[in-house]
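I have placed the structure first, in the form of structure tokens, so that the comments after it can refer back to it.
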Amino acid sequence: MLHTKDKTFSKRDFRNAMGAFATGVVVITSEHEESVHGMTANAFISVSLEPPLVLVSIDKKARMHDVLGGEDCFFGISILAADQQGISDHFAGRMVTQSAPEFMHLSGVPVIKNALVALATKRCHVYEGGDHTLFVAEVLDLQQVERLETEAPLLFQCGKYQRLAETCLAD
Ligand code: FAD
């Protein structure tokens, strides 16, 4: 059996391999020191239906890590649509758009305006995850576009944005 020190792959190999797993893209938003802080993430999963729980994995070096670690933390999670790549880049610090993306409030929690789905959540569990921390949150409220199944989500795979083929979207 291989031991930790015997690994035959590099950090880059691991990153590339994990990049093969296609995901959607979300923006996490939370009030912090009287303003909203936003961050793009794709390490997001639905965890439980009863109670409704979701999980995000945040790099310990990210500013958002301190924000989500705060006391009694409420945060928004907005699932982006295919035409919201600029918003993803903005909150990943890749490209700061001229006009900052707009927020709205859902049950008092900031979320991205016009996202496919917006969730208002409250952090409930925190787990150690190597150089990341896993934040599990209970969903308190949600809002979704009317015809979700016909709206294209923004996708991310192999380090690039991707889109669903038109034929995958129901009429
Ligand atoms: P910063 O880098 O300081 O902020 C991010 C950007 O948002 C900055 O440009 C800032 O100006 C802007 N911004 C923040 N708040 C506001 C506001 N109120 N108004 C206007 N602009 C604002 N990292 C992870 O840890 N986990 C992941 O799952 C993850 N997934 C990613 C998926 C994708 C597709 C991409 C592109 C990146 C992902 N990242 C992920 C990386 C992460 O998004 C970046 O490292 C990000 O810069 C970290 O944000 P930060 O909290 O350190 O804040």
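Just so it is clear, the values below take in all heavy atoms, side chains as well, and ignore hydrogens, waters and symmetry mates. Counting starts at 1 for both ligands and their atoms, in listed order.
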**Request:** Please state which part of F91 comes within less than 4.0 Å of ligand 1, counting heavy atoms only: side chain, backbone, both or neither.
**Result:** both

**Prompt:** Has ligand 1 got any nitrogen or oxygen that is less than 3.5 angstrom from a nitrogen or oxygen of D59?
**Reply:** yes

**Request:** Say whether T133 and H65, considering side chains only, have a donor N or O and an acceptor N or O under 3.5 Å apart.
**Result:** yes

**Request:** May I ask you to list the atoms of ligand 1 that are less than 4.0 angstrom from any heavy atom of V36?
**Result:** 15 (N), 16 (C), 17 (C), 18 (N)

**Message:** Walk me through whether R123 and E71 qualify under salt bridge (charged side-chain N to carboxylate O under 4.0 Å, His left out).
**Reply:** CA-CA 9 Å; R123 190 197 64 214; E71 216 174 299; over 6 Å; no

**Prompt:** Can F103 be said to touch ligand 1, with heavy atoms closer than 4.0 Å?
**Reply:** yes

**A43, A41, S57: member with heavy atom nearest to atom 26 (N) of ligand 1** = S57

**Asked** With respect to atom 49 (O) of ligand 1, which of M39, H37, R94, E31 exhibits the smallest heavy-atom separation?
**Response** M39

**Message:** Below 3.5 Å, N or O to N or O, backbone or side chain included: is there any such pair between H90 and ligand 1?
**Reply:** yes

**Message:** If you take the nearest heavy atom of each of G38, G93, A62, which one is closest to atom 14 (C) of ligand 1?
**Reply:** G38

**Subset of ligand 1 atoms that lie under 4.0 Å from at least one heavy atom of R63** = 3 (O), 50 (P), 51 (O), 52 (O), 53 (O)

**Message:** Under a 4.0 angstrom heavy-atom cut-off, which atoms of ligand 1 come close to F156?
**Reply:** 34 (C)

**Request:** Calculate, to the nearest 0.5 Å, the distance between atoms NZ and OG belonging to K122 and S107 respectively.
**Result:** 14.0 Å

**Request:** Please say whether A92 places an N or O atom under 3.5 Å from an N or O atom belonging to ligand 1.
**Result:** yes

**Item:** Shortest reach to atom 43 (O) of ligand 1 by a heavy atom, considering only I58, D131, T40
**Value:** T40

**Over all atoms of both residues, closest heavy-atom pair of T29 and G38** = CG2-CA, 4.1 Å

**Prompt:** Is there a side-chain contact (heavy atoms from CB on, under 4.5 Å) between N42 and F21 once you walk through the steps?
**Reply:** CA-CA 10 Å; N42 67 338; F21 190 61; over 6 Å; no

**Message:** We want to know whether Q84 and H90 form a side-chain donor-acceptor pair, criterion being a heavy-atom distance below 3.5 angstrom.
**Reply:** no

**Request:** Could you tell me whether Y161 atom OH has more than 12 heavy atoms of other residues or ligands within 6.0 Å of it?
**Result:** yes

**Prompt:** Would S88 and L154 satisfy side-chain contact (heavy atoms from CB on, under 4.5 Å), going step by step from the backbone distance to the final call?
**Reply:** CA-CA 9 Å; S88 171; L154 181 60; 3.9 Å; yes

